[in-house]
Amino acid sequence: MKKWVLSLSLAAGIVGLAGCGGQGGDTVAKTKAGNVTKDELYEAMKDKYGEQALQQLVFEKVLSKEYKVSDKEVDQKMDELKEQLGPQFQMALLQSGFKDEDDFRQSMKVNLLQEKAAAKDIKVSEDEVKEYYENKQKEITARHILVDDEKKAKEVKAKLDKGEDFAKLAKKYSVDTAANEQGGDLGTISIDDPQMDETFKKAAFKLKKDEISNPVETQFGWHIIQVTDIKKKKDKKSFDKVKDKYENELKVSKLDPEMMQEALKKELEKADIKVKDKDLKEAFDPILNEPKEDGDASDSEEEKQ
């Protein structure tokens, strides 16, 4: 589950209690040792989760003013995550602090809003979009040989260039024990397969049928890839119908955490946030206030004088 996921259920709880401010006598729980009031509960929750909850709610308000995310977009992302996590999906929600899918959907929406804010300044060429389109319209069957270092990968590639059998070399050299028993076969791969490494997919989808790649480095090691079959999808869509959608997907794929954070900072600065609760005054400091350079300290002293 991504780190941007925040517990909106906690946020909603705090906001709901905030509406009861000044009603300190309202009792949430009674005990023989004494009662717990709404104000007491609010203060306790604010102390533990206040900054996180306030951030989540402000992010949604600020971003929703400039950008729109439809229910359909949220549904699509939910389906992708469910496919990726499989039977672990519900457990992942609970571990992240969500009581159900509705809580998670709201946080998912905020993330999509943030993606749109960050992606608006990303540039992609029409050729890039067309290449992405072509890759989306096909599926490939691929096999690979995975080794730990570049030197070994070059040795294996040299053997392949001399005509040695790919499957035999996979069984001999590949550290992918699951695949090397099938001669390195990985089965059918689509360009948007969430289980497959992005660098691997990018290299594999550039290959023609039966072509063997040069060594490709990923987080898992060094791969030598061969595409053994290429099939066009039966439900091929025209480029004009999907161009805008694919252009946006490409832009989002180029984002990194720093770009997301910078885009959020710009939107918050434009919103001119004023936090009235003294206990939550610093809730947005980690985002809005960059670390000062050595020379900045003297500047700030001069401003005070």
Side-chain angles (χ1 to χ4, degrees), residues 1-13 49 52-53 55-57 59-60 63-64 67-119 132-133 135-142 176 178-179 185-202 204-205 218-220 231-237 241-242 244-257 259-261 263-264:
M1 189 92 43
K2 293 183 179 179
K3 291 182 179 179
W4 51 259
V5 173
L6 300 176
S7 181
L8 198 64
S9 57
L10 295 174
Y49 312 112
Q52 180 185 11
Q55 288 169 1
Q56 179 80 359
L57 295 174
F59 293 168
E60 182 170 9
L63 295 171
S64 294
Y67 310 96
K68 302 300 177 186
V69 170
S70 67
D71 289 341
K72 185 177 179 180
E73 289 175 282
V74 178
D75 288 341
Q76 182 180 346
K77 288 296 181 182
M78 289 287 288
D79 290 342
E80 289 175 6
L81 192 59
K82 286 180 179 179
E83 181 181 353
Q84 184 177 347
L85 294 176
Q88 302 301 316
F89 176 75
Q90 291 297 333
M91 181 59 70
L93 290 189
L94 293 174
Q95 290 175 345
S96 299
F98 297 95
K99 65 178 182 180
D100 54 33
E101 288 187 23
D102 287 339
D103 280 339
F104 179 67
R105 282 177 61 88
Q106 293 181 70
S107 196
M108 175 78 77
K109 180 181 178 180
V110 174
N111 181 67
L112 291 174
L113 287 167
Q114 190 176 347
E115 282 185 350
K116 290 193 175 186
Y132 184 71
Y133 165 77
N135 286 337
K136 291 277 282 188
Q137 306 309 312
K138 66 184 181 183
E139 293 179 331
I140 64 173
T141 302
D176 184 350
D185 184 48
L186 296 168
T188 301
I189 303 170
S190 62
I191 193 65
D192 47 7
D193 185 343
Q195 303 293 337
M196 193 65 63
D197 180 90
E198 291 297 322
T199 303
F200 182 96
K201 286 191 294 186
K202 186 175 180 180
F205 272 80
T218 72
Q219 58 182 316
F220 303 106
K231 292 182 179 179
K232 294 289 185 181
K233 291 183 178 179
K234 293 180 181 179
D235 57 342
K236 183 174 181 178
K237 301 177 178 64
K241 286 186 177 181
V242 295
D244 292 342
K245 177 176 181 290
Y246 287 173
E247 181 177 345
N248 181 67
E249 288 182 10
L250 258 182
K251 288 181 177 181
V252 170
S253 72
K254 293 176 181 289
L255 297 177
D256 58 37
M259 296 165 72
M260 296 275 283
Q261 190 79 349
L264 180 60

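No experiment lies behind these values; they were computed from the predicted model shown.
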Peer 1: Distance check, rounded to the nearest 0.5 Å: E73 atom CD versus E115 atom CD?
Peer 2: 10.0 Å

Peer 1: Scan for salt bridge (Lys or Arg N to Asp or Glu O under 4.0 Å) pairs involving residues 76-91, sequence neighbours excluded, and state none if there are none.
Peer 2: K77-E80, K82-E101

Peer 1: Could you go through V69 and V110, starting from their C-alpha distance and side-chain angles, then the distance that decides it, and tell me whether this counts as side chain to side chain contact (heavy atoms under 4.5 Å, CB included)?
Peer 2: CA-CA 9 Å; V69 170; V110 174; over 6 Å; no

Peer 1: How about K232: does its NZ atom have over 12 heavy atoms from other parts shown lying under 6.0 Å from it?
Peer 2: yes

Peer 1: Residues in salt bridge (charged side-chain N to carboxylate O under 4.0 Å, His left out) with E139, at least two apart?
Peer 2: none

Peer 1: Start with the C-alpha distance between F205 and I189, add both sets of side-chain angles, then the distance that settles side chain to side chain contact (heavy atoms under 4.5 Å, CB included), and finish with yes or no.
Peer 2: CA-CA 9 Å; F205 272 80; I189 303 170; 4.1 Å; yes

Peer 1: Going from NZ on K136 to CG on D192, what distance comes out if it is rounded to the nearest 0.5 angstrom?
Peer 2: 3.5 Å

Peer 1: Looking at residues at least two apart in the chain, or sitting in another chain, which of them share a side-chain hydrogen bond (donor to acceptor under 3.5 Å, both in side chains) with K251?
Peer 2: none

Peer 1: Could you measure the distance from the CD atom of Q90 to the CG atom of D100? Nearest 0.5 Å is fine.
Peer 2: 9.0 Å

Peer 1: Which value, rounded to the nearest 0.5 Å, describes the distance between F59 atom CZ and L57 atom CG?
Peer 2: 10.0 Å

Peer 1: So, for Q106 and Q56, which heavy atoms are closest and what is the spacing to 0.1 Å?
Peer 2: O-NE2, 4.4 Å

Peer 1: Does K116 use its side chain to pair, donor to acceptor, with the backbone of K68 at less than 3.5 Å?
Peer 2: yes

Peer 1: With sequence neighbours excluded, what pairs up with D185 under the side-chain hydrogen bond (donor to acceptor under 3.5 Å, both in side chains) test?
Peer 2: none

Peer 1: Would you compute the distance between atom CG of N135 and atom NZ of K202 and round it to the nearest 0.5 angstrom?
Peer 2: 11.0 Å

Peer 1: Restricting to side-chain hydrogen bond (donor to acceptor under 3.5 Å, both in side chains), what partner residues turn up for K201, sequence neighbours left out?
Peer 2: E198

Peer 1: Do F104 and L81 come close enough that some side-chain heavy atom pair is under 4.5 Å?
Peer 2: yes

Peer 1: Run the side-chain contact (heavy atoms from CB on, under 4.5 Å) test against D256 and tell me which residues pass, sequence neighbours left out.
Peer 2: E258, M259

Peer 1: Below 4.5 Å, heavy atoms only, C-beta onward: do M78 and F89 meet side chain to side chain?
Peer 2: yes

Peer 1: Looking only at atom types and distance, does a side-chain atom of Q137 sit under 3.5 Å from a main-chain N or O of K233, one as donor and one as acceptor?
Peer 2: no

Peer 1: Tell me, do F98 and S107 make a side-chain contact under 4.5 Å, heavy atoms counted?
Peer 2: yes

Peer 1: Taking side-chain contact (heavy atoms from CB on, under 4.5 Å) as the test, write out the residues that go with K254, two or more places apart.
Peer 2: I122, V124, E128

Peer 1: Go through the structure and list residues passing side-chain hydrogen bond (donor to acceptor under 3.5 Å, both in side chains) with D75, not counting sequence neighbours.
Peer 2: R105

Peer 1: I want to check something: taking the side chain as every heavy atom from C-beta on, are N111 and M260 in contact at a cut-off of under 4.5 Å?
Peer 2: yes

Peer 1: Would you please name every residue forming a salt bridge (charged side-chain N to carboxylate O under 4.0 Å, His left out) with K241, sequence neighbours left out?
Peer 2: none

Peer 1: Can you tell me if Q88 uses its side chain to pair, donor with acceptor, with the backbone of L85 under 3.5 Å?
Peer 2: no

Peer 1: Kindly write out the residues that satisfy side-chain contact (heavy atoms from CB on, under 4.5 Å) with T199, not counting sequence neighbours, or none if the list is empty.
Peer 2: D197, V216, T218

Peer 1: Any side-chain heavy-atom pair from I140 and I191 closer than 4.5 angstrom?
Peer 2: no

Peer 1: With sequence neighbours left out, write down each residue that passes salt bridge (charged side-chain N to carboxylate O under 4.0 Å, His left out) with D193, or none if nothing qualifies.
Peer 2: none

Peer 1: If you compare all heavy atoms of A263 against all heavy atoms of A118, which two are closest, and at what distance to 0.1 Å?
Peer 2: CB-CA, 3.5 Å

Peer 1: Are any side-chain N or O atoms of Y67 and backbone N or O atoms of L112, one a donor and one an acceptor, separated by less than 3.5 Å?
Peer 2: no

Peer 1: Who are the side-chain contact (heavy atoms from CB on, under 4.5 Å) partners of N248, not counting sequence neighbours?
Peer 2: V252

